[in-house]
*Asks:* 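Sharing a structure, written as structure tokens. Questions coming.
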Amino acid sequence: VIIASNFKTNHTRESTKEFVQTVSDFVDLQDIKDEVLIFPSAPSLDAFVLPSNVSIGAQNAYPVKSGSFTGEIGSQQLDEFGVKMLLIGHSERRHILKESNALIEQKYNFYKELGYKIVFCIGEPLEVREKGIQEVIDYNLAQLENIDLGYEHLIIAYEPVWAIGTGVSATKQQIEQTHQILRQSIKAPLLYGGSVKVANLKEILSIPNVDGVLVGTASWNVEEFQKMIAIAKEMK
Ligand code: 13P
């Protein structure tokens with residue numbers, strides 16, 4: 001099982017350090033075998049000492065080693081901290097930062113070439129969900145159109161936009177149906193994201209074709225995140 005935390009624009013450098021240390025100690029002490037992924041904000045990235053099944057990734061990076069791209073970070077900055085994992089295509093970057101599919105593809109191809117583990121996010125807005133399952137699938141597959149799905153270090157996160165940060169996750173039936181159909185095209189691990197929390201994690205992880213979760217809000221408190229890791233462990 002993969003349990004991932006997306007910090008978004010939360011935590012400072014100091015509190016990130018504490019969080020990563022606490023989670024690492026917990027993973028060692030509890031003998032956790034599941035994969036734990038943590039995506040801090042860019043200024044909080046660092047060369048952390050981690051258990052082998054805990055990884056630190058960037059929430060965003062520009063498809064370049066270095067250059068003139070004000071406000072962006074490139075692979076050289078990530079190399080300094082040994083970061084080899086990246087989140088690409090998150091809905092907040094697509095919708096708020098207006099990232100195009102073309103830029104997302106460029107990022108994917110660049111960081112794939114460098115061997116990064118890539119958590120690639122897809123997900124439909126509410127108006128698409130309201131049109132029915134076929135439109136939902138078409139929309140999500142279109143986001144994957146020029147993405148090499150055979151890449152060995154690829155993880156896909158299905159995050160319906162309407163379930164992100166709303167406190168209301170997709171229903172068990174919606175997740176089950178969507179993942180089942182997506183699974184026909186996607187062999188990579190398939191995560192669900194969107195208002196995952198301690199209270200619904202067990203149910204979500206028990207759904208067929210859900211290989212893990214990508215958690216925002218409910219993961220920012222380290223005790224809650226530890227509870228989620230513990231739930232994942234119990235479910236084996
Ligand atoms: P929430 O868990 O806050 O809904 O966010 C999900 C998400 O966007 C993770 O990438």
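Note that ligands are numbered from 1 as they come in the structure, with each ligand's atoms numbered from 1 the same way. This one's a predicted model, so the numbers in the text were calculated from it and none came from an experiment.
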*Asks:* Does F7 have its ring centroid less than 6.0 Å away from the ring centroid of F39?
*Replies:* no
*Asks:* Give me the residue, atom name and distance of the protein heavy atom closest to atom 9 (C) of ligand 1.
*Replies:* E159 OE2, 2.9 Å
*Asks:* May I ask whether G193 places a heavy atom under 4.0 Å from ligand 1?
*Replies:* no
*Asks:* Do S195 and ligand 1 have an N or O pair less than 3.5 Å apart?
*Replies:* yes
*Asks:* Counting only N and O atoms by type, is there a donor-acceptor contact under 3.5 Å from the side chain of Y108 to the main-chain atoms of D148?
*Replies:* yes
*Asks:* Which atoms of ligand 1 are found less than 4.0 Å from any heavy atom of A163?
*Replies:* 4 (O)
*Asks:* Could you tell me whether a side-chain N or O of R94 sits under 3.5 Å from a main-chain N or O of L97, the two making a donor and an acceptor?
*Replies:* no
*Asks:* Checking the side chain of Q59 only, and the main-chain atoms of A42 only, is there a donor and an acceptor separated by less than 3.5 Å?
*Replies:* no
*Asks:* Ring centroid separation for H153 and Y116, is it under 6.0 angstrom?
*Replies:* no
*Asks:* Between R129 and E135, does a salt bridge (Lys or Arg N to Asp or Glu O under 4.0 Å) hold up when you go through it step by step?
*Replies:* CA-CA 7 Å; R129 173 53 72 172; E135 279 79 358; over 6 Å; no
*Asks:* So which heavy atom in the protein is nearest atom 5 (O) of ligand 1, and how far is it from that ligand atom?
*Replies:* K8 NZ, 3.1 Å
*Asks:* Checking a contact table here: which protein heavy atom is nearest atom 2 (O) of ligand 1, and how many Å away?
*Replies:* G216 N, 2.9 Å
*Asks:* Looking at atom 3 (O) of ligand 1, what's its closest protein heavy atom, distance included?
*Replies:* T217 OG1, 2.4 Å
*Asks:* Report yes if some N/O of G165 lies less than 3.5 Å from some N/O of ligand 1; otherwise report no.
*Replies:* yes
*Asks:* Of all the atoms in ligand 1, which lie at a distance below 4.0 Å from a heavy atom belonging to N6?
*Replies:* 9 (C), 10 (O)
*Asks:* Near L214, which atoms of ligand 1 are under 4.0 Å from a heavy atom of that residue?
*Replies:* 9 (C), 10 (O)
*Asks:* Are a donor atom and an acceptor atom from the side chains of E159 and H90 found within less than 3.5 Å of each other?
*Replies:* yes
*Asks:* Any heavy atom of A218 closer to ligand 1 than 4.0 angstrom?
*Replies:* no
*Asks:* Check for me whether the distance between the ring centres of F19 and F225 falls short of 6.0 Å.
*Replies:* yes
